[in-house]
Amino acid sequence: MPLRFYNTLTQDVEVFRPLQDNTVRMYTCGPTVYNYAHIGNFRAFTFQDILRRWLRYRGYQLNHVMNVTDVDDKIIVNAAQAKKSIKDYTAAFTQAFFEDAAALRLERPEHVAPATQHISQMVEAIQNLAAQGCTYQSDGSTYFRISSFPEYGKLSHNDFGGIRSGARVDVDEYDKADARDFVLWKARKEGEPAWDTPFGPGRPGWHIECSAMAMSYLGETLDIHAGGVDLIFPHHENEIAQSESITHKPFARYWLHSEHLQIESQKMSKSLGNFYTVRDLLEMGYQPEAIRYLLASVPYRKKLNFTFEGLKAATKSIERLRDFELRLTTTKFPPGSNPEIAGRSRAAIEQFENGMDDDLNTAEALAAIYEYVRAMNTAIDENRFREDNRWDAARVLEIFECVFDCLKPADQAIARSEESPVGGTLPDSDIERLIEQRTAAKKARDFQKADAIRAQLLEQGIVLEDTKDGVRWKRK
RNA sequence: GGCGCGGUAGCCAAGUGGUAAGGCAGAGGUCUGCAAAACCUUUAUUCGGCGGUUCGAUCCCGCCCCGCGCCUCCA
């Protein structure tokens, strides 16, 4: 089965094919840098990362643009409260965002587009819309006239036909002709940043940046546009209205939306205090790979119930896979290759691929890995695993890592020094020497001394495992 | 009210018209000087409830109950 995605536009699962040759032109809605992004935000960004990685695994070249909204109401308010310039304020949170993203091993898109660096493209887009009669001005602001776009509502599947200007709209509340009209350009206000334009000084409305930047980097029709479900309406609906009014062509062919993350079955909110950032969780001592694994392990269209129990389970799951990888690389196997193992490896890869191809069903893909790992552990226990089968197993783990990227530990020196400043980093040579001493003690049947050495190493975060091929150790 | 998503074992979570993947946790066991790791067995006669279609439904249809999201800024 070919690669398929659920398309919000058609409400159906569709086979994916890029418009032009082998390149996928993709636009995703990035962060608004008014604060630290929380793990709910990062669920969406992790989904986008998984999407990127799987597209590439499937042989596509990527041209991915992500915007950074660096001017909006909240930014203006927060920066003022922090007594910082907009520029300094957003620069700090932009940097923090990419630090967190790096901790979660999110690939950097080919283009990161800050809104304030693309004002001219937005101005051009608005002028184009004005020329086509899709806009009007009111009190110095420029609005998009929704009645000029009959298809409005096709993404969110809302029927706005019945709602006409004046019908149920409180005309005093807005300066808009129709309650659903949205602002393209906000009139200048005292104390707010503003740019001079042919249609007056002011700053961009939220939606226009995505249309303008997406089309300037990727052309009139994108292959994929992705974001969180909360963006379907009005943001993406408005993007379609703007873009298609300009080009009269489809703006994006596949619309992919990730579901929200909930915390302990509740909505995430500041008032409930259940609002976690990546750095909150890292400070609690959780591994970034575990956060990534947890966010990636639940298929993106399903609500993800974040719990600490789940985060701990993710940590243990990764440990199991790491232990398997360690066993593979440290065990001595008889020479040759067992064709049964090779065949089982190919089957695991196929199952993994089938899962991912099915609208990025990561749960299915993971099941393939775990079933495989258990089968291989059994094969090793029963001495059916051969030297050359190492490469079969390594290939399976490699493909897993292409997507999940959580086996290689983060910089352990840093992680450990934060967690246990006393413990420090014991050099490998010291560890090896202590292990030799313990082995000698064991040989002399001095188990008390042997266990003391093992306990001593454990205090340093070093776990020993006796195997028939000798002692294996790992950092906890 | 409109639009949309979901309710599967203690927790997380796949899935199919023919009788329930996987992970974590729990219990028992094998192995081990003891551990660790690994493996084995075990944990849903049952998939929110009630009807219907069908030889047969967790999966299709209807109704109901519950949770969540969007409809204003929001991943």
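We use all heavy atoms of the structure for the numbers below, so side chains are in, but hydrogens, waters and symmetry mates are not. Each chain gets a letter, A, B and so on, in the order its sequence line appears, and its residues count up from 1.
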Legend entry - Nucleotide forming a Watson-Crick or wobble pair with B/G62, both distances under 3.5 Å: B/C50
Legend entry - Minimum heavy-atom distance A/I50-A/V403, with the two atoms named: CD1-O, 3.5 Å
Legend entry - Nearest-nucleotide pick for A/E465, side chain only, options being B/A37, B/U72, B/G22: B/A37
Legend entry - Touch class at under 4.0 angstrom, heavy-atom based, for A/L231 against every strand present: sugar-phosphate
Legend entry - Candidate nucleotides B/A38, B/A13, B/C71, ranked by approach to the side chain of A/P299 - the nearest: B/A13
Between protein and nucleotides 1-8 of chain B, what N or O pairs are separated by less than 3.5 Å?
residue: B/C3; atom: O4'; partner: A/N158; partner atom: OD1; Å: 3.4
residue: B/C3; atom: O2'; partner: A/S156; partner atom: O; Å: 2.9
residue: B/C5; atom: O2; partner: A/K303; partner atom: NZ; Å: 2.7

Inset, instruction - Counting Watson-Crick and G-U wobble pairs only, both distances under 3.5 Å, name the nucleotide matched with B/A14, or none. - result: none
Legend entry - Proximity to the side chain of A/D358 - top-ranked nucleotide from B/A38, B/G15, B/G33: B/G15
Inset, instruction - Using a heavy-atom cut-off of under 4.0 Å over every strand shown, decide if A/E309 touches base, sugar-phosphate, or nothing. - result: base
Inset, instruction - For the residue pair A/Y152 and A/N238, confirm or rule out a side-chain donor-acceptor distance under 3.5 Å. - result: yes
Legend entry - Base-pairing mate for B/U43 - Watson-Crick or G-U, with both contacts under 3.5 Å: none
Legend entry - Sugar-phosphate only, base, or nothing, as touched by A/N305 at under 4.0 Å among non-hydrogen atoms: sugar-phosphate
Legend entry - Rounded C1' spacing from B/A25 to B/U16 in Å: 28 Å
Inset, instruction - Would you say whether A/Y370 stacks on B/G22? The test is a distance between ring centres of less than 5.5 Å and an angle between planes of less than 30°. - result: no
Legend entry - A/Y276 ring center within less than 6.0 Å of A/F308 ring center: yes
Legend entry - Earlier contact from the 5' end, RNA chain B, for A/D230 and A/G310: A/G310
Legend entry - Whole angstrom value for the distance that separates P of B/C12 from CD1 of A/I39: 15 Å
Inset, instruction - Please collect all salt bridge (Lys or Arg N to Asp or Glu O under 4.0 Å) contacts where either partner lies in residues 202-213 of chain A, sequence neighbours excluded, each pair once. - result: A/D73-A/R203, A/E192-A/R203
Inset, instruction - Tell me what A/P31 touches on the nucleic acid: a base, only sugar-phosphate, or nothing, going by heavy atoms under 4.0 Å. - result: nothing
Legend entry - 5′-ward residue of the pair A/K474/A/Q48 relative to RNA chain B: A/K474
Inset, instruction - Taking atom types as modelled, find out whether A/D280 and A/T277 have a side-chain donor-acceptor pair closer than 3.5 angstrom. - result: yes
Inset, instruction - Remember a base hit wins even if backbone is also touched, and classify A/F447 as base, sugar-phosphate or nothing at under 4.0 Å, heavy atoms. - result: base
Inset, instruction - Write down the distance between NZ (A/K468) and C1' (B/G33), rounded to a whole number of angstrom. - result: 20 Å
Inset, instruction - Check every atom of B/C73, B/A21, B/A38 against the side chain of A/P234 and return the nucleotide holding the closest atom. - result: B/C73
Inset, instruction - State which of B/C70, B/A14, B/A35 makes the closest approach to the side chain of A/D466. - result: B/A35
Legend entry - Exercise: do A/T307 and A/N305 side chains pair donor with acceptor under 3.5 Å: no
Legend entry - Separation of the C1' atoms in B/C47 and B/A37, to the nearest angstrom: 35 Å
Inset, instruction - With heavy atoms under 4.0 Å as the rule, sort A/G227 into base, sugar-phosphate or nothing. - result: sugar-phosphate
Inset, instruction - Could you give the distance separating B/G23 and B/A35 at their C1' atoms, to the nearest angstrom? - result: 25 Å
Legend entry - Pairing nucleotide - B/A38, Watson-Crick or G-U, each distance under 3.5 Å: B/U30
Inset, instruction - Mind telling me whether A/F404 and A/F352 have parallel, tilted or perpendicular rings, with 30° and 60° as the class edges? - result: perpendicular
Inset, instruction - Could you check whether A/H235 gets within reach of a base, just the sugar-phosphate, or nothing at all, counting any heavy atom under 4.0 Å? - result: nothing
Legend entry - Given B/C39, B/G22, B/A13, the nucleotide with the shortest approach to the side chain of A/A363: B/A13
Inset, instruction - State which residues pass side chain to side chain donor-acceptor pair (under 3.5 Å) with A/E387; sequence neighbours excluded, sorted by chain then number. - result: A/R390
Legend entry - Polar pair under 3.5 Å, donor/acceptor by atom type, side chain A/R454, base B/A35: yes
Legend entry - Candidate nucleotides B/A75, B/A14, B/G23, ranked by approach to the side chain of A/E364 - the nearest: B/A14
Legend entry - Nearest to side-chain heavy atoms of A/K74, which nucleotide of B/C73, B/A38, B/G23: B/C73
Inset, instruction - Please give the nucleotide sitting opposite B/G69 as a Watson-Crick or G-U wobble pair, both distances under 3.5 Å, or none. - result: B/C3
Inset, instruction - Take atom C1' in B/G29 and the same atom in B/U58, then report the distance between them in whole Å. - result: 33 Å
Legend entry - Nearest to side-chain heavy atoms of A/E371, which nucleotide of B/G22, B/C68, B/C11: B/G22
Inset, instruction - Mind checking A/K442 for me? I need base, sugar-phosphate or nothing, with any heavy atom below 4.0 Å counting as a touch. - result: base
Legend entry - Residue A/R438, side-chain heavy atoms: nucleotide from B/C34, B/A25, B/A75 that is nearest: B/C34
Legend entry - Span that lies between the C1' atom of B/A9 and that of B/U46, in whole angstrom: 9 Å
Legend entry - C1' atoms of B/G26 and B/G10, separation to the nearest Å: 8 Å
Legend entry - Which residues share a ring-ring contact (aromatic ring centres under 6.0 Å, His included) with A/Y36, sequence neighbours left out: A/F93
Inset, instruction - Please check the phosphate of B/G23 (OP1 and OP2 only) for any side-chain N or O of A/R320 closer than 4.0 Å. - result: yes
Inset, instruction - Please check the phosphate of B/A14 (OP1 and OP2 only) for any side-chain N or O of A/N361 closer than 4.0 Å. - result: no
Inset, instruction - Between B/C34 and B/U43, how far apart are the C1' atoms? Round to whole Å, please. - result: 29 Å
Legend entry - With sequence neighbours excluded, residues passing side chain to side chain donor-acceptor pair (under 3.5 Å) with A/S211: A/Q242, A/S243
Inset, instruction - Considering only atom C1', compute the distance from B/G2 to B/C61 and round it to an integer number of Å. - result: 23 Å
Inset, instruction - With heavy atoms under 4.0 Å as the rule, sort A/A313 into base, sugar-phosphate or nothing. - result: sugar-phosphate
Legend entry - Partners passing ring-ring contact (aromatic ring centres under 6.0 Å, His included) against A/H207 (at least two apart in sequence or in another chain): A/F182, A/H235
